Amino acid sequence: MDLASLCQAMGMPSTQRNALHRLLKNLEQHGLVVKNGRDWMPSLALDFMRWAARLEGALTFKAEHEEINSADIVLSRPPEPSIFTQKLMNSLRSDWGLLDTESILPAIAESARERAVIVSPFIDDYGIKRVLNFFRQTPASDKRLIYRNDKKGVHEALSDASVELADLGVQTHLYHLPLPEHGNESFHAKILLADRHSALIGSSNMTRWSMCYSLELGVKVRGRAASRVADVVDAMLACCS
């Protein structure tokens, strides 16, 4: 493709053609592209698999060592008709910039390379399906599920999915820390974690009520903030049975 066609395909203004040309010349020097007349094309000698692995490694390194924190707001809405949704959509900014919880789950799962973790105090028969989908979609080898509640519904959900959880290599951890005199330490945090580079912290349990009926709000963080969330998860895992 020529420069004008490349700019159009990439969504770049034509005024950026000179910058694109400089980039292509640099890639040409490294043997990644070749020029034929006015057209630029990938080098026939290019090892796509090798360069794909390099680029993926570079992206992972950048995510792991990113110093600047970034955040997105993640929202689960009540079912329609919803008074809240109507008020939100009537506001000046509407729902611009708000991410949907259902779309974030696979995005976080797929971004993990080493470890993927779900922290949810409550899980039911509906939520366990989302848990399984999350772990099916991640390429991470270390898969963890931390839960708190020992009520009947949680045990039934985990029991019904025990075979598939085992097949997926998911390790389940009950966070129940008895205190010396009475009671136990508890947690109310809800977390999805991908390695140390991406995390969703929110109000939503892995339950039908949270995912289908309730207004839930979360924050997806990347960079240093995500690594601190990972530190919290590490401490929780060290406490778990």
Side-chain angles (χ1 to χ4, degrees), residues 72-89 95 98-112 115-176 184 186-195 198-221 226 229-230 232-233 236-237 240-241:
D72 294 305
I73 305 303
V74 182
L75 179 68
S76 294
R77 311 173 196 223
E80 296 292 350
S82 164
I83 298 172
F84 163 77
T85 299
Q86 181 180 349
K87 296 295 184 183
L88 176 66
M89 298 306 291
D95 61 351
L98 298 176
L99 304 180
D100 177 67
T101 304
E102 289 286 348
S103 65
I104 290 301
L105 300 184
I108 292 180
E110 291 167 6
S111 71
R115 184 175 69 168
V117 184
I118 293 178
V119 178
S120 179
F122 298 91
I123 305 168
D124 64 11
D125 59 342
Y126 183 90
I128 195 65
K129 296 176 182 177
R130 296 299 186 273
V131 170
L132 291 171
N133 282 337
F134 179 88
F135 288 123
R136 287 189 197 108
Q137 291 168 317
T138 183
S141 56
D142 187 358
K143 306 178 183 74
R144 310 273 183 153
L145 170 63
I146 304 175
Y147 67 100
R148 182 198 85 191
N149 197 275
D150 59 356
K151 289 184 178 180
K152 182 179 179 181
V154 178
H155 279 300
E156 286 181 348
L158 291 174
S159 178
D160 290 344
S162 60
V163 173
E164 189 161 3
L165 286 169
D167 289 343
L168 290 169
V170 180
Q171 300 181 57
T172 59
H173 303 270
L174 172 61
Y175 189 96
H176 183 83
N184 60 277
S186 183
F187 80 91
H188 202 243
K190 294 88 175 178
I191 302 168
L192 296 178
L193 177 67
D195 300 326
S198 183
L200 172 64
I201 309 102
S203 62
S204 179
N205 283 294
M206 288 291 172
T207 62
R208 184 185 306 273
W209 183 260
S210 287
M211 295 185 174
C212 297
Y213 301 109
S214 181
L215 166 62
E216 306 283 355
L217 195 64
V219 179
K220 181 187 176 186
V221 296
V229 175
V232 172
V233 170
M236 294 183 71
L237 287 169
C240 284
S241 57

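The basis for the numbers below is simple: all heavy atoms, side chains too, and nothing from hydrogens, waters or symmetry mates. Predicted, not measured: the structure shown is a model, and the values here were computed from it.
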Could you check whether any side-chain heavy atom of [X] comes within less than 4.5 Å of a side-chain heavy atom of [Y], counting everything from C-beta outward?
X	Y	value
Ile123	Ile118	no
Pro106	Asn133	no
Val119	Tyr175	no
Val229	Ile201	yes
Val219	Ile73	yes
Leu98	Leu88	yes

Fill in the blank from the handout: When every non-hydrogen atom of Phe134 is compared with those of Ala109, the smallest separation belongs to O-CB, 3.3 Å
Practice task
Taking all heavy atoms of Arg115 and all of Ala140, pick out the closest pair and write down the distance.
Solution key: N-CB, 3.6 Å
Exercise for the section: Apply ring pair (Phe, Tyr, Trp, His ring centres under 6.0 Å) to Phe135 and list each qualifying residue two or more places apart in sequence or on a separate chain. Expected result: none
Problem - Qualifying residues under ring pair (Phe, Tyr, Trp, His ring centres under 6.0 Å), relative to Phe84, sequence neighbours excluded - result: none
Fill in the blank from the handout: Sequence neighbours excluded, the answer for side-chain hydrogen bond (donor to acceptor under 3.5 Å, both in side chains) partners of Tyr213 is none
Exercise for the section: State which residues pass side-chain hydrogen bond (donor to acceptor under 3.5 Å, both in side chains) with Asp125; sequence neighbours excluded, sorted by chain then number. Expected result: none
Handout entry: side chain to side chain donor-acceptor pair (under 3.5 Å): pairs with one or both residues in residues 78-89, sequence neighbours excluded
Key = Ser82-Thr85
Practice task
Kindly state each residue pair satisfying side chain to side chain donor-acceptor pair (under 3.5 Å) with at least one member in residues 157-170, sequence neighbours excluded.
Solution key: Arg136-Glu164
